[in-house]
> 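Following this message is one structure expressed as structure tokens.
If you read the sequence from its start, that first residue is 1, and numbering goes on from there. Indexing begins at 1, ligand by ligand and atom by atom, following the structure's order. The model shown is predicted, which means the values in this text are computed figures rather than measured ones. Hydrogens, waters and symmetry mates play no part in the numbers below; they use all other heavy atoms, side chains included.
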Amino acid sequence: MRPVKQMTTEVTRGPINLVLLGPPGAGKGTQAVEFAQRHGTPKISTGDILREAVRSETDLGRLAKVTMDAGGLVDDQLMIAIVRERLTRGDVERGFVLDGFPRTVAQAIALDEIMTGQGCLTVVDIAVPDDALVERLARRRVCGQCGNPTSVAAGEARDRCEKCGGELVLRSDDTESTVRERLRVYAEATKPLVDFYSSRPTFRAVDGQQSPAAVGAALAQAVEEMRAARSAGDCGAEGTAG
Ligand code: AMP
């Protein structure tokens with residue numbers, strides 16, 4: 001249970017609009033679920049939105065599947081339109097956690113524009129070096145039913161989700177060749193976002209090579225520090241007044 005004082009502080013400082021950056025396999029999904037639950041805000045994962053579209057065989061799903069299975073990035077304008085629409089829904093009034101968006105500088109610029117007058121972004125990069133990621137992604141499984149990500153140890157026979165009992169599956173884009181392409185695309189298109197955001201007072205990096213609980217604690221502390229700093233200053237992005 002969180003102390004009452006902390007909850008009061010959160011309310012008076014307004015919504016937390018959190019963007020989680022980091023390479024594939026850094027643990028963004030796990031941290032996004034935890035953080036969103038703790039703060040009662042929606043987790044908006046563009047990867048989940050696309051996977052749901054693939055499952056439902058919509059036009060978007062058919063379009064995205066080829067790109068996703070090849071480890072590439074879905075078109076910027078399409079992704080921007082999806083997020084723009086999602087951020088108009090009422091449930092983001094108390095804030096949101098964005099996981100997997102923005103992934104390019106064009107998406108980050110569009111997000112600043114979408115957020116104009118809607119409050120500050122709080123950006124946290126979960127940093128993990130490349131060599132640790134390939135191994136992590138090989139161990140990653142997701143629940144085919146609820147989407148909960150988990151990690152299986154080498155030789156471990158576990159095949160059921162701890163949360164809902166659904167079947168654990170390997171994501172179709174977690175095969176070794178696709179993982180390598182996703183890491184290449186990350187380095188080329190997404191890593192520059194660290195430079196894009198790093199001069200803002202609302203940016204922090206946390207060490208993603210700790211246990212999920214330790215990363216969660218570092219993330220919570222980083223967000224709290226930024227919120228304290230923010231109440232004394234601005235968002236750090238032109239046009240996004242909070
Ligand atoms: P994720 O679950 O975030 O790793 O996303 C899985 C895949 O969905 C990515 O490898 C991309 O193909 C696609 N995707 C998700 N989010 C975006 C985005 N913001 N921009 C472009 N493609 C995306």
> Using distance alone, determine whether Val74 and ligand 1 share an N or O pair under 3.5 Å.
yes
> Closer than 4.0 angstrom: is that true for some heavy atom of Arg171 and an atom of ligand 1?
yes
> Begin from the C-alpha positions of Arg89 and Asp91 and carry the test salt bridge (Lys or Arg N to Asp or Glu O under 4.0 Å) through to its verdict.
CA-CA 6 Å; Arg89 297 197 203 160; Asp91 64 348; over 6 Å; no
> Using a 4.5 Å cut-off on heavy atoms from C-beta on, say whether the side chain of Arg62 contacts that of Asp59.
yes
> Between CD of Glu113 and CD1 of Ile80, what distance do you get to the nearest 0.5 Å?
9.0 Å
> Roughly how far, to the nearest 0.5 Å, is the CG atom of Leu121 from the CG atom of Asp112?
6.0 Å
> Determine, using the 4.5 Å side-chain heavy-atom cutoff (strictly less than), whether Ile44 and Tyr197 are members of one ILVMFWY cluster.
yes
> Starting from atom 13 (C) of ligand 1, find the nearest protein heavy-atom neighbour and note its residue, name and distance.
Leu50 CD1, 3.5 Å
> Which atoms from ligand 1 have a heavy atom of Gly72 less than 4.0 Å away?
10 (O), 11 (C), 12 (O)
> My understanding is that we take every heavy atom of each candidate and find the minimum distance to atom 7 (C) of ligand 1. Doing that for Met68, Gln107, Met79, which one comes out nearest?
Met68
> For ligand 1, which part of Asp173 has a heavy atom less than 4.0 Å away: the side chain, the backbone, both, or neither?
side chain
> Report yes or no: does a heavy atom of Pro24 sit under 4.0 Å from some atom of ligand 1?
no
> Can you figure out which of Arg182, Lys65, Glu181, Arg103 has its heavy atom closest to atom 1 (P) of ligand 1?
Arg103
> Would you say Arg94 and Thr41 are linked by a side-chain donor-acceptor pair, where the criterion is simply a distance under 3.5 Å?
no
> Take Arg38 and Glu34, measure what salt bridge (Lys or Arg N to Asp or Glu O under 4.0 Å) needs, and give me the verdict at the end.
CA-CA 6 Å; Arg38 201 176 163 84; Glu34 295 290 326; over 6 Å; no
> Quick one: does Asp99 get an N or O within less than 3.5 Å of an N or O on ligand 1?
no
> Among protein heavy atoms, which sits nearest to atom 16 (N) of ligand 1, and what does the distance come to when rounded to 0.1 Å?
Thr46 OG1, 2.8 Å
